[in-house]
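Reading through the structure tokens given below for one structure.
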2 protein chains.
Amino acid sequence: MDNQQIKDAGLKVTRPREKILGILERSGRRHLSAEDVYKELLTNGDDIGLATVYRVLTQFEGAGLVCRRHFETGQSVFELNSGDHHDHLVCVRCNRVVEFVDSVIEERQSAIAAQHGFHIEDHSLVIYGVCTDCAVKG
Amino acid sequence: MDNQQIKDAGLKVTRPREKILGILERSGRRHLSAEDVYKELLTNGDDIGLATVYRVLTQFEGAGLVCRRHFETGQSVFELNSGDHHDHLVCVRCNRVVEFVDSVIEERQSAIAAQHGFHIEDHSLVIYGVCTDCAVKG
DNA sequence: TAGCAAGATGCGAAAGCTTCTCAGTTGTCT
DNA sequence: AGACAACTGAGAAGCTTTCGCATCTTGCTA
Ligand SMILES: [Mn+2]
Ligand SMILES: [Mn+2]
Ligand SMILES: [Zn+2]
Ligand SMILES: [Zn+2]
């Protein structure tokens, strides 16, 4: 049950937190901006402030429940943390997001970091392009 | 001479443009934020507005003279366009930046994009970690 | 070289995203 | 139920970046 995840994070189970987690779990698009979540709440008739949405998403991130991504759209997007790392392909026309994992790339990254004496903490790989649908539509 | 690059970009040769290009060329740190450039101008006694710095950097970017990077520091950084693509390692402690190119990664990226029917336009790969110096300092 | 028009500049205002402040409310534990 | 820390909504504020506009320059022409 959702509530347990919230409790395990050391957070009180409140309506905003339940609703926001629910939206992230049930959303078809897996990558939502704070504004997206906020609008979804409004649509559902929930009277929750935008500041709370940001606060909760940040707390969920701190607790490892969600991941924050920085695509080049000007706003962060959030997704449930599946536990497995992955990278992203983003369509510059329609913003469709495709996820992928490539072990060859992961290995090369470790090698490169080591080679330069860096202790890797994280990395971000985003490929921007035009998806098939958008290519067809000209 | 610098002025030619500016002219070739279809821009008038003005003091702000000459100074900003000069700073990018002479800077030890190759990756500067607009604010960094602005402060450098102030230090040199040049009375150039921050808005102009942003405008000029954006124009230079459009002309292919500089590249804009989006590391996760909250502000964009700019560097002279060397003509050769490269990716970045960034130290999360001291912000040191190391550049690298890895053909294996580049190839895998093309393959992945193709595999998902994406026509690649661009990509951004940043590895975040702790550099040797910072690791030593605890 | 003087004059002109397009283009550039600096300033402050404003936009866009995100965080903060604070008074009032709610969840949790006893 | 009562106490208290935690949480919330609303608006103010913070930050980076862009805009609007009156004024100044550059590059060209006569
Ligand atoms: Mn994802
Ligand atoms: Mn670089
Ligand atoms: Zn698309
Ligand atoms: Zn460092």
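Heavy atoms only: backbone and side chains are in, while hydrogens, waters and symmetry mates are out.
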Measure from [atom1] on [X] to [atom2] on [N] and round the result to the nearest Å.
X       : N      : atom1 : atom2 : answer
A:Leu50 : C:dG16 : CG    : P     : 14 Å
A:Tyr38 : D:dG11 : OH    : P     : 10 Å
A:Ile6  : C:dT26 : CD1   : P     : 17 Å
A:Phe60 : D:dC7  : CZ    : P     : 11 Å
A:Gln75 : C:dA15 : CD    : C1'   : 14 Å
B:Gln59 : C:dA8  : CD    : P     : 6 Å
B:Glu61 : D:dT17 : CD    : P     : 12 Å
B:Glu18 : C:dA8  : CD    : C1'   : 13 Å

Q.
Between A:Asp8 (side chain only) and A:Gln5 (backbone N and O only), is there a donor and an acceptor less than 3.5 Å apart?
A.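 Side chain of A:Asp8 to backbone of A:Gln5: no pair is present.
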Is the shortest side-chain N/O distance from [X] to OP1 or OP2 of [N] below 4.0 Å?
X       : N      : answer
A:Thr52 : D:dC7  : no
A:Tyr54 : C:dT19 : no
B:Arg55 : C:dA8  : no

Q) About how many Å separate CG of A:Leu32 and CD of A:Gln75, when rounded to the nearest 0.5 Å? A)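 That separation rounds to 10.5 Å.
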Q | Straight-line distance of B:Glu106 CD to B:Ser103 OG, nearest 0.5 Å | A |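 Those atoms lie 8.0 Å apart.
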(Q) Distance alone, cut at 3.5 Å: any donor-acceptor contact between the side chains of B:Arg68 and B:Thr58? (A)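 Present: a donor and an acceptor within the cut-off.
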Q) Which part of the nucleic acid, if any, lies within contact of B:Ser76, taking any heavy atom under 4.0 Å across all strands shown: a base, the sugar-phosphate backbone alone, or nothing? A)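 Sugar-phosphate only.
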**Q.** Closest-nucleotide 5' rank along DNA chain C - winner of A:Gly74 and B:Val53
**A.**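 Its nucleotide being nearer the 5' end, the pick is B:Val53.
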Q. Are the side chains of A:Tyr54 and A:Tyr38 in touch, meaning some heavy atoms are under 4.5 Å apart?
A.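 The answer is no, as the side chains (C-beta and beyond) never meet within the 4.5 Å cut-off.
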For nucleotides 26-29 of chain D, which of its nitrogen or oxygen atoms have a protein nitrogen or oxygen under 3.5 Å away, and what is each distance?
residue: D:dT26; atom: O2; partner: B:Lys12; partner atom: NZ; Å: 3.0
residue: D:dG27; atom: OP1; partner: B:Val13; partner atom: N; Å: 3.0

Q. Which of these passes side chain to side chain contact (heavy atoms under 4.5 Å, CB included) with B:Phe78: B:Val66, B:Leu65, B:Val53, B:Ile20?
A.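 Exactly one candidate clears the test, B:Val66.
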